[in-house]
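Worksheet: one structure, shown below.
Counting begins at 1 with the first residue of the sequence.
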Amino acid sequence: MRHQLLRKPLTWIGVGLLVLLVGSQFLNRPTQADQLTYAEFVTAVEEGKVKDATIDDGASTIEGTLTDGDEFRTAYVTEAGADVQTLLLDNGVSFEVDRAGQALWLSLIIELLPFVVIGAIFFVVMRSASGGTQASRFGRAKARQVAPDQPQVTFADVAGATEAVEELREIRDFLASPATFQAIGARIPRGVLLYGPPGTGKTLLARAVAGEAGVPVFSIAGADFVEMLVGVGASRVRDLFDQAKKAAPAIIFVDEIDAVGRHRGSGTGGGHDEREQTLNQLLVEMDGFDQRAGVILIAASNRPDILDPALLRPGRFDRQIVVDRPDLVGRRAILDVHSAGKPLGTDVDLDVLARRTPGFTGADLSNLVNEAALLTARRRAKQIGMAEMEDAVDRVMAGPERKSSVLSEEEKRVIAYHEGGHALVGHLLPNADPIHKVSVVARGRALGWTLALPTEDRHLQTRAALLDQLVMLLGGRTAEELVFGDPTTGAQDDIERATRIARAMVTEFGMTSAIGLQRVGRSPSGLSGGVDGDGPPSDHVASLVDAEVRRLLDDAHREAAAVLRAHRATLDQLAEALIERETLDTPELLQIFGHLPVWERHYEVTTP
């Protein structure tokens with residue numbers, strides 16, 4: 001830090017000014033000579049006590065030596081300068097006149113000081129413009145360069161994304177031997193966009209490409225481009241591509257590119273928005289740099305639907321690779337990667353854990369294994385057992401257990417019936433997921449929870465499955481009304497989720513006859529302001545939407561009530577078991593449910 005300060009021009013300018021100030025004070029400091037008044041000086045001269053004298057005409061002072069050897073100093077008014085010299089001549093005192101004294105030197109400095117300051121400021125500004133100071137580096141890209149000789153991630157470290165890895169191997173091969181592709185006239189993609197939900201491994205895949213190819217990587221976040229100062233973002237984009245070209249073949253990785261690549265016109269600044277100017281420069285750089293330079297841009301985004309179409313066209317992001325949540329085989333492979341090197345117990349079955357974690361991303365599975373290791377250490381065990389793994393699944397899905405939350409017997413009874421209503425309705429409905437676990441132990445923000453897990457990975461949902469999901473969500477509130485008559489606030493999250501599903505069925509999935517096969521009230525790109533969108537619905541259509549959502553929820557409420565009334569004895573048995581044991585797993589639930597027949601739906605499933 002000290003050496004950086006010494007290299008700054010402003011530091012030396014400040015030191016120079018300080019030296020001048022101290023020097024002027026030193027030169028103005030009075031000497032150790034005796035101070036005489038002017039009258040005393042005249043008397044001493046007339047009495048012959050003054051041996052010699054020096055007149056400082058600029059400072060209007062007289063210094064000299066008395067006949068007894070003492071030094072003296074006195075001052076006079078400027079108008080009396082001639083009289084002083086006459087006085088000394090008449091009394092035979094030798095003297096000399098100093099007309100170019102320190103006052104003239106100081107006055108010269110004072111007169112030149114403004115010009116020195118202006119020159120220093122001009123010097124600093126010119127150095128800033130030429131890139132010599134921190135101000136000039138403000139427009140440089142904040143990319144972090146990873147050299148090829150540093151430890152790298154490879155494709156062997158990536159699990160659960162087989163298709164994405166296969167797509168990216170071609171990029172690796174081009175960077176490793178571009179001449180092979182150029183010899184047959186093949187054009188490598190200029191940009192690769194990795195998109196998918198958070199935590200699926202997009203950044204890991206980009207690092208693996210760089211590690212496999214063995215080329216420099218310039219990594220930067222999309223938010224690092226944009227600043228409050230106009231033009232800084234575009235300057236950083238130019239600097240980033242210049243650095244990559246000089247190090248080619250190289251990779252530029254931009255994480256969360258949606259921070260700078262959003263659809264133009266959606267901001268508040270119009271065409272003069274700094275973010276849009278940065279995007280324009282990015283478009284120019286991607287479309288303009290030479291293919292033979294061997295520079296490839298890899299970007300990651302969770303929201304490809306909000307990216308500008310010009311960014312996604314061929315010639316910029318030629319290849320778009322989806323990195324989705326892993327399937328059953330992928331989850332098993334990811335668990336293998338994250339559990340490697342950890343002391344797993346013989347009872348741990350990773351296949352079972354993979355089946356019990358549908359919808360988990362790679363980040364979720366990594367967190368699961370880490371939570372299991374933390375629980376093992378907390379319990380002073382030597383190996384990670386299946387119990388710790390199961391508890392870790394619950395922690396990741398529902399949050400940590402809140403043992404400090406003490407419930408009254410009445411509240412515990414209400415929660416038991418609420419969760420029992422969810423479980424019983426979910427078990428009997430033909431299209432609902434099997435109930436895996438029910439608990440009245442508080443976790444996270446929930447006072448109780450019911451875990452339903454699908455038997456297989458699903459990518460589509462039928463209308464019947466969504467309707468059964470609505471019935472199950474409202475089963476807890478319905479059980480409270482059936483048993484206690486006075487519902488509580490515990491169904492807030494259930495009602496919110498049920499309303500969201502019902503509205504999506506009406507406005508997005510076209511699953512009701514009143515609205516039909518039309519999308520209502522939202523832009524396809526997810527942007528506000530109606531950019532390339534549907535526009536707001538009419539009052540009539542909005543009223544129909546509200547009525548259809550209400551009808552779906554009311555039908556689900558009535559169906560849940562019919563299920564619980566028909567099996568009230570089983571509901572009571574389930575609630576009593578929850579009050580006694582607090583948590584029920586699949587074997588205990590099946591013992592209570594017995595051989596209950598599948599529920600036959602009371603309402604009609606109609607299509608538009």
* **Neighbour count above 12 (heavy atom, 6.0 Å) for R207 CZ** => no

* To do: Check the pair L368 / M389 against side chain to side chain contact (heavy atoms under 4.5 Å, CB included), numbers first and verdict last.
  => CA-CA 7 Å; L368 185 155; M389 286 289 193; 3.9 Å; yes

* Asked: Ion pair present between D391 and R395, side-chain N to carboxylate O less than 4.0 angstrom?
  -> no

* side chain to side chain contact (heavy atoms under 4.5 Å, CB included) partner of V323, the single match among V165, T203, L194, L204 -> L194

* Is there a donor-acceptor contact under 3.5 Å from the side chain of R331 to the main chain of P326? -> yes

* Measure from the side-chain N and O atoms of E388 to the backbone N and O of G385, and report whether any donor-acceptor pair falls under 3.5 Å. => yes

* Just one of N302, D255, I298 clears the side chain to side chain contact (heavy atoms under 4.5 Å, CB included) bar with K202, so which one? -> N302

* Flag if over 12 foreign heavy atoms under 6.0 Å of CZ, R565 -> no

* Structure fact -> Nearest heavy-atom contact between D494 and G490 is OD2-O, 4.4 Å

* Asked: What closest approach, in Å, do F317 and L193 show between heavy atoms, and which atom pair accounts for it?
  -> CD2-N, 3.7 Å

* **Heavy atoms from other residues, nucleotides or ligands near CZ of R581 exceed 12 (cutoff 6.0 Å)** => yes

* Around R379, counting heavy atoms of other residues, nucleotides and ligands shown, do more than 12 lie under 6.0 Å from its CZ? -> yes

* How close do V438 and A423 get, heavy atom to heavy atom, and via which atoms? -> CG2-CB, 3.6 Å

* Which atom pair, heavy atoms only, marks the closest approach of T478 to A560? -> OG1-CB, 3.7 Å

* Output yes when a side-chain donor or acceptor of Q320 lies under 3.5 Å from a complementary backbone atom of Y195, and no otherwise. => no

* To do: Using modelled atom types only, decide if a donor and an acceptor are shared between the side chain of E588 and the backbone of D585 within a distance under 3.5 Å.
  => yes

* How far apart are the C-alpha atoms of R332 and L328, what are their side-chain angles, what is the distance that settles it, and do they pass the side chain to side chain contact (heavy atoms under 4.5 Å, CB included) test? -> CA-CA 6 Å; R332 179 64 170 82; L328 177 61; 5.9 Å; no

* **Among L428, T450, N431, D433, the one residue meeting side chain to side chain contact (heavy atoms under 4.5 Å, CB included) with M472** => T450

* To do: Please determine if R551 and E548 form a salt bridge, counting it only when a charged side-chain N lies under 4.0 Å from a carboxylate O.
  => yes

* Of V209, L168, L205, which meets side chain to side chain contact (heavy atoms under 4.5 Å, CB included) against V158? -> L205

* Determine whether the side chains of S543 and D546 contain a donor N or O and an acceptor N or O closer than 3.5 Å. => no

* Asked: Should R316 and D308 count as an ion pair when the cut-off is N to O under 4.0 Å?
  -> no

* Please check if the side chain of D347 supplies one atom and the backbone of M386 the other of a donor-acceptor pair under 3.5 Å. => yes

* **Parallel, tilted or perpendicular: rings of F593 and H427 (30°, 60°)** => parallel

* Structure fact -> Only one of R413, E480, R477 passes side chain to side chain donor-acceptor pair (under 3.5 Å) with H418, and that residue is E480

* Asked: Where do I334 and G362 come nearest, in terms of heavy atoms and distance?
  -> CD1-CA, 4.0 Å

* Asked: Just by distance, do the side chain of R325 and the backbone of P197 share a donor-acceptor pair under 3.5 Å?
  -> no

* To do: Kindly give the heavy-atom pair with the smallest separation between V598 and P430, and that separation in Å.
  => CG1-CB, 3.7 Å

* To do: Find the distance between CG (L424) and CG (L571) and round it off to the nearest 0.5 Å.
  => 6.0 Å

